[in-house]
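All ligand and atom numbering here is 1-based and tracks the order in the structure.
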Amino acid sequence: MIRKTFTVLLLTAACLRASAQEVSLSKGWKLAVGDSAQWASPTYNDGHWQTADLNENWERQGHPNYDGFGWYRTKVVIPSSLKEKSFLKDSLRLSLGTIDDNDEVYLNGKLIAKYGGHGGTIKDGNYGGRVYNIAVNNPAILWDKENVLAVRVFDTGGDGGMVSSGFGSVFNITMADVMDHVWVNTDADFVYGDNNSLSKSVKLVTSNHYQYSGKLAFKVTDPENGAVLYEKSNDATFTSGKPFTYSFSIARLAKRSYVITYSFTDTKSGKEIVHTETTPYILTPYPTAKVKINGADVFGARPGHPFLYLIPATGKKPLVYKADGLPQGLTLNAATGVISGSVAQKGDYPVTFTVSNTLGAKAKKFTITIGDNIGLTPALGWNSWNAWGLSVNDEKVRISAKAMIDKLSSHGWAYINIDDGWEAENRAADGKIVTNSKFPDMKGLADFVHGLGLRMGIYSSPGPRTCGGFLGSWQHEDQDAQTYSDWGIDYLKYDWCSYSDIAPKPDLDGLKKPYQVMQASLGKVNRDIMYSLCQYGWGKVWEWGADVNGNSWRTTGDIQDTWQSMSTIGFNQGAAAPHAQPGHFNDPDMLVVGKVGWGPSLHNTRLTFDEQYTHISLWSLLASPLLIGCDMGHLDAFTLSLLTNDEVLAIDQDALGKGASQYVKKDDYQIWVKDLKDGGKAIGLFNTSDKYQTISLDKNDPAISGYTKFRDAWQQKYIVSTGAALSAKVAPHGVLLLRVEK
Ligand code: GLA
């Protein structure tokens, strides 16, 4: 596997803490590629092995393109003082940085830990940080003596080895502490009661066998002035397998977030853990029974190719759909709103949609553009990666498609995209790409998605392997494009990954090349396949992504569900933004709202609710593809409200296709401005500080001079603004998203 994590300096924790509580493992390792049972043995002589560099994968240590087994060995004295000085005294904690991809750990010849996959073998993909707890009475540990630690690594493809990376850069031995492995699980949903209440249950959880007993303090504060609104202290006891559940109900106050602090103090040890979260508040107005037609104003398709468009409309069901002026070759299903067929002649076809229900009818003008350019507005859809990682399967995709039809497609959401993890490890005898067992019938799945009126996406790499170690399209580009077309694929994310094995130090032409190859292959098939480039922004891809016919191109490395990650990515799109245009958009990576996890177990996004408003507002201003990255089978009320605000989505989907520019950049706030097709502008006033602040824009400022109407896009109402400046009090890490009109 290969990763684009920002290489973090190997800051060995040993430098930071007293050595008595920790034994560093950051130096002294030996490395050999290959595999032998003897290499686990303490008596094996590894004197002729190379010295391992934990800052590099093994490819860069003299083993280019090597996939398979390799071993790391080191010698370490484990002092019994570690144990004596610790409170819990029950287990040693071994931190081994990041393993690419799987490992087995031997101490003095005995297997003490392994991460060969969730119940799988060492050959199943499980890239990531490694921390193992070993019971202190494990006979493999030789206290106060030299121990031989041997780690057997298996690399499924791409980069390999035991390395320091952003995912886990610590190499050491410590004792498990009493508050390690204790956490406050706040992943349950908030419940909105009819009586204006907000309730929730949280849990104190541990995997330690120690009996925790103490106080859980619960506190709600107003972030603006620090005032304490609620406070309560509770007795709490818990241990492994027996969590403590705390349920509360508070009044739903104003339309803003409050801060909840949970602090547990264990009486015996005196140790404490503190966890905070914020309360949700919904700004999106509740949908009405009257008909509303949503979504973009344009849709593009290529001549002669299959056409599929679902008219997005909300209102009390049943809805009846009508479309006047459809070009020849297209038909509308009046009950579902799905337009299908194919159009032979290029041209712009003005169409009028009318949708009605028992309460009345609404009409909307729309343009169908038949030509070479597709993806005229940024893609709105779902992608499996930020939720399920490599654990995505057919069932999860179907659940997502169902949820999209039930809850989101009426607002314009249309793509169901499968990321990495669908491919097999080997091609068929004729070279054809095949799925793995999690996707028994890709054509059947695409038919199901199309049957709902949605479109389906898939993922590959120009290299021999994807980032997850599965098959890539290297030297099979034509064949793969044809297979995708045969299956009915509408969207391809094409991720550089192991192409570095083919082109280790590419110049600009080298960066473009694999994308041109697939561009040509996609050009040969009789189907519109949206082309989503993913190479992390290398070579200023925004300057040439449109030339290789990319409908979008990633401008960054992988996003994570933290303020640090989201805000760094979002507020650094200034250079790329001017390159957005209809059919070709910057992609600052997928959304991290809702339940995310990058694997089989999910957690609530770690973004606060205000940060989530910022995320969706900023991505919409930037005209980014909006690809939901959460469990669609579990959309809570807040997440749903974030994703179904038609006035916010309209900013993203504006037909002019412009990306916002960074208009004001100060240490603690920023203002981004986006031109809109109707001559208006969308403006984001972002508070990047962690305190409430008032952000103002002078009414004579060129950004708004001449504009008289200011509309709060999230609340969908006009703001009354008197005086010389437009001013707004904005929450920490929050936003006011405006649409200004003449
Ligand atoms: C890379 C991409 C991610 C995702 C994974 C899949 O890290 O940047 O978006 O597609 O690969 O392995």
Colleague: Considering the heavy atoms of Cys534, write down every atom of ligand 1 situated less than 4.0 Å from one of them.
Modeller: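 Result: 8 (O).
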Colleague: Taking only heavy atoms of Lys493 into account, list the atoms of ligand 1 that are under 4.0 Å away from them.
Modeller: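 Answer for ligand 1: 3 (C), 4 (C), 9 (O), 10 (O).
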Colleague: Looking only at distance, does Trp385 have an N or O less than 3.5 Å from an N or O of ligand 1?
Modeller: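 No, Trp385 has no N/O under 3.5 Å of an N/O on ligand 1.
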Colleague: With no hydrogens and no angle check, is any side-chain donor or acceptor of Trp413 less than 3.5 Å from a backbone partner on Thr644?
Modeller: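 Checking the backbone N and O of Thr644 against the side chain of Trp413, no donor-acceptor pair under 3.5 Å is found.
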Colleague: Centre-to-centre under 6.0 Å for Trp382 and Tyr415, is that the case here?
Modeller: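 Centroid separation for Trp382 and Tyr415: 6.0 Å or greater.
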Colleague: What are the atoms of ligand 1, with element, lying closer than 4.0 Å to any heavy atom of Arg554?
Modeller: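 Atoms satisfying the 4.0 Å criterion: 8 (O), 9 (O).
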Colleague: Is the backbone of Ser473 close enough, under 3.5 Å, to the side chain of Gln479 for a donor and an acceptor to pair up by distance?
Modeller: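 Pair absent, no side-chain N/O of Gln479 close to backbone of Ser473.
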Colleague: With a cutoff of 4.0 Å, is Asp495 in contact with ligand 1, counting heavy atoms of the residue only?
Modeller: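 So Asp495 counts as touching ligand 1.
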Colleague: Return yes if some donor-acceptor pair links the side-chain N/O of Asn586 with the main-chain N/O of Arg554 below 3.5 Å, else return no.
Modeller: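 It does not hold such a pair.
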Colleague: Report yes if the distance between the aromatic ring centroids of Trp422 and Trp388 is under 6.0 Å, otherwise no.
Modeller: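 No; Trp388 has its ring centre 6.0 Å or more from that of Trp422.
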Colleague: Near Gly468, which atoms of ligand 1 are under 4.0 Å from a heavy atom of that residue?
Modeller: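 Those atoms are 12 (O).
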Colleague: When you look for heavy atoms under 4.0 Å from ligand 1, do you find them on the side chain of Leu390, its backbone, both, or neither?
Modeller: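 Contact part for Leu390 vs ligand 1: neither.
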Colleague: Has ligand 1 got any nitrogen or oxygen that is less than 3.5 angstrom from a nitrogen or oxygen of Tyr536?
Modeller: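 In this structure, Tyr536 places no N or O atom under 3.5 Å from an N or O of ligand 1.
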Colleague: Using heavy atoms and a threshold below 4.0 Å, how should the contact between Cys497 and ligand 1 be classified: side chain, backbone, both, or neither?
Modeller: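 None of Cys497 does.
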Colleague: So does Val592 get a backbone contact from the side chain of Asn386, meaning a donor-acceptor N/O pair under 3.5 Å?
Modeller: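 Not a single qualifying donor-acceptor pair exists.
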Colleague: Please state which option from Asp420, Asp419, Ile559 has its nearest heavy atom closest to atom 12 (O) of ligand 1.
Modeller: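 Among Asp420, Asp419, Ile559, the closest heavy atom to atom 12 (O) of ligand 1 belongs to Asp420.
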Colleague: Pair His584, Asn549 - check side-chain contact (heavy atoms from CB on, under 4.5 Å), show working.
Modeller: CA-CA 8 Å; His584 311 286; Asn549 224 356; 3.7 Å; yes
